[in-house]
Structures are given as structure tokens and as C-alpha cells.
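Here the structure comes first, spelled out in C-alpha cells, and everything after it is commentary.
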Amino acid sequence: GDGAHGIAEVADVLERVRSSPALEAGGLVTSELPAPWARPSAVFRDGDAPPSGNPRDPARGPRFDVYTDRVSPGALEAFNIPLLAGRRFSARDDERAEHVAIVSKLAADALWRGENAIGKVIAWPDARAKRVDQLTVVGMVADVRFAGLTSGLVPAMYVPLVQHGGWGNLTLVMRGRGGAIVRDSVLREIVHAVAPALAVTAKPLAPRIAGELAPQRRASFFIGTVS
């Protein structure tokens, strides 16, 4: 099915990124940062979300709006977003594992000011599935200008791509080893090994995000469309 095929393709891409001597880091994302079109998602503290899964229904506690991105291992490293506490995502955060999240400092402060966010549980309503997903926080990262380089820093949450599906248009982001420029041929070789017929357009990303170097190259493509 599409889900299993998509997971296999993601794993194939990531293995090729990891084995490339030209790359310091790389990964897949659903929202290329900065994402001016992005809209925040509603999250709640554990036990506070509407049982219906609809964030507009009456809740037991306050609602918090955070910008959300589904990312693979290596993506936050490619964006060079510093890890402040806990850990980053790894291959063990797969579809069979406990659902986890990495939050930005602003999100952690909003949800649990003065407390350690690591190990806390976020309730993330899913109106379409009519359920509430429970996410254990495993890491905290620095804040970024998620919605645009001219916008302010905003609360953000990152979740593992393979735990939340949504296969479709993904963006491969990568950063060269030692600050070297990533050649377009490196990107095309990785993508074409997984999808040989795909037309790949390589573009540089915004040069800076909140003072951190952004990945130097990215390519958008479609994953998980065939079984």
C-alpha cells in the first residue's frame, strides 16, 4: 500500500543522504522553512484536549497554537536548528514506536513555563480522524522564523514524518560537509536513485533562518504514490 511504500522510499532517501560524503546533514520535510503559507495547529496539555478530536469543541484546558512540520531524521540538522535539550529524531522513531515530538523553546515555555518539557505529553487533536494523538516530548530546539524571514519567532512543533504519513509532496533539504556548496548533481543522484523518472529542480534556500545557516539545496518531489 501507499503507506508502506512511502516509508520504504523515505528510508531509501535517508540512507543515501547519510552515506554521501558530500553532505553534512539532510532530510525530508513537508514544510520548507520559512513557510509563509503555514498556519498553526491547535495543541493542548495532556488531558485537556476535546475528546472528539475537534479543536473547536469544548476543551478541558487552554488551547495553544503552534506551527507544525512533519520531518525525517536529519532535517532539523540540515536546517542547523540548535538542540537545547533532549534528543533529535532517529530511525527508531518509526511507525511502530511511541509517538514523539520535538518542540521549540517558545512552545515549551507556553505549555509548561518553568518546567522541564522533556517527557511531557502533548495532546494533538485530529479532527479528520476524530481522535487525539498523544505525543511525548523528546527534544527542545531553538526558535526559528517559521512563517517567514520578516516575521517574528513563533512556537513550533516537529513530529516524525513516518509516524504521521501524509505522503505526497516532500522537500529534500541538505547541507554540505564543512560548509561546502552542495552540487546539484549530488541532489539529483539521490532523488533519481529512488524515483528515476522524476524531474528534479534544485534551488538554494533562504540564506539565513533566525541567524542560522539554512540548507544550501533542496528538491521537491512526490513520495508514496505507487504501491
Side-chain angles (χ1 to χ4, degrees), residues 7 9-35 38 41 43 66-112 115-122 124 133-146 153-166 170-179 182 190 205 208-218 223:
I7 289 170
E9 285 187 320
V10 166
D12 194 355
V13 169
L14 296 182
E15 180 55 37
R16 293 174 189 280
V17 168
R18 280 191 294 267
S19 63
S20 172
L23 300 179
E24 185 81 33
L28 293 160
V29 299
T30 54
S31 296
E32 172 197 317
L33 301 181
S41 300
V43 299
V66 299
Y67 285 83
T68 305
D69 200 0
R70 294 169 172 83
V71 304
S72 76
L76 298 184
E77 294 91 321
F79 281 119
N80 209 19
I81 301 175
L83 180 70
L84 304 180
R87 66 171 178 86
R88 298 185 184 275
F89 293 143
S90 71
R92 70 177 182 268
D93 298 312
D94 61 18
E95 70 279 11
R96 299 176 298 274
E98 175 186 42
H99 282 196
V100 294
I102 291 174
V103 295
S104 71
K105 188 176 186 305
L106 277 174
D109 287 345
L111 283 155
W112 309 287
E115 299 181 45
N116 181 6
I118 307 304
K120 298 287 190 184
V121 175
I122 294 175
W124 189 21
D133 201 356
Q134 305 295 118
L135 311 175
T136 299
V137 176
V138 296
M140 181 175 72
V141 294
D143 301 308
V144 299
R145 302 183 191 281
F146 197 105
L153 301 175
V154 294
M157 177 176 78
Y158 307 93
V159 297
L161 180 65
V162 298
Q163 291 189 349
H164 298 278
L170 300 177
T171 298
L172 174 62
V173 292
M174 54 186 66
R175 186 157 49 88
R177 191 171 298 279
V182 180
I190 291 171
L205 284 178
R208 301 185 72 83
I209 297 177
E212 297 296 333
L213 288 177
Q216 296 162 327
R217 287 290 182 270
R218 58 102 166 154
I223 268 189

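Both backbone and side-chain heavy atoms feed into the values below; hydrogens, waters and symmetry mates do not. As the structure is a prediction and not an experimental result, all values here were calculated from the model.
Applying the side chain to side chain contact (heavy atoms under 4.5 Å, CB included) criterion to V154, with sequence neighbours excluded, gives Y67, F146.
The minimum heavy-atom distance linking D143 with K105 is given by the pair OD1-N, 3.2 Å. The shortest non-hydrogen separation linking Q163 to H99 is OE1-CA, 3.1 Å. Heavy atoms only, all atoms of each residue included: V29 and A75 are closest at CG1-CB, 3.6 Å. The shortest non-hydrogen separation linking R177 to P21 is NE-O, 3.0 Å. Taking every heavy atom of both residues into account, V66 and A107 meet most closely at CG1-CB, 4.2 Å. When all heavy atoms are compared, the tightest approach of A117 to A108 is CB-CB, 3.8 Å.
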Check the pair V144, F79 against side chain to side chain contact (heavy atoms under 4.5 Å, CB included), reporting the backbone distance first and the verdict last.
CA-CA 10 Å; V144 299; F79 281 119; over 6 Å; no
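Rounding to the nearest 0.5 Å gives a distance of 6.5 Å between CG of L161 and OG of S72. With rounding to the nearest 0.5 Å, the separation of CH2 in W124 from OG1 in T68 is 5.5 Å. A distance of 7.0 Å separates CG in L76 from CZ in F89, rounded to the nearest 0.5 Å. Here CE of M174 is found 13.5 Å from CD of E24. Values are rounded to the nearest 0.5 Å. The OG atom of S41 sits 6.0 Å away from the CE atom of M157 when rounded to the nearest 0.5 Å. To the nearest 0.5 Å, the span separating OH on Y158 from CG on L135 amounts to 15.0 Å.
Side-chain atoms of V17 and I190, non-hydrogen and from C-beta on, do get closer than 4.5 Å to each other. Under the 4.5 Å side-chain criterion, counting only non-hydrogen atoms from C-beta, L28 is not in contact with V71. Side-chain contact between L153 and L106 is present, with at least one heavy-atom pair separated by less than 4.5 Å. Taking the side chain as every heavy atom from C-beta outward, V141 and P82 never approach each other to under 4.5 Å.
Here the side chain of S19 pairs a donor or acceptor atom with the backbone of E15 at under 3.5 angstrom.
Applying side-chain contact (heavy atoms from CB on, under 4.5 Å) to V103 and the options I122, V138, I118 leaves one that passes, I122.
Remark: D93 does not engage R88 in a salt bridge, criterion side-chain N to carboxylate O under 4.0 Å.
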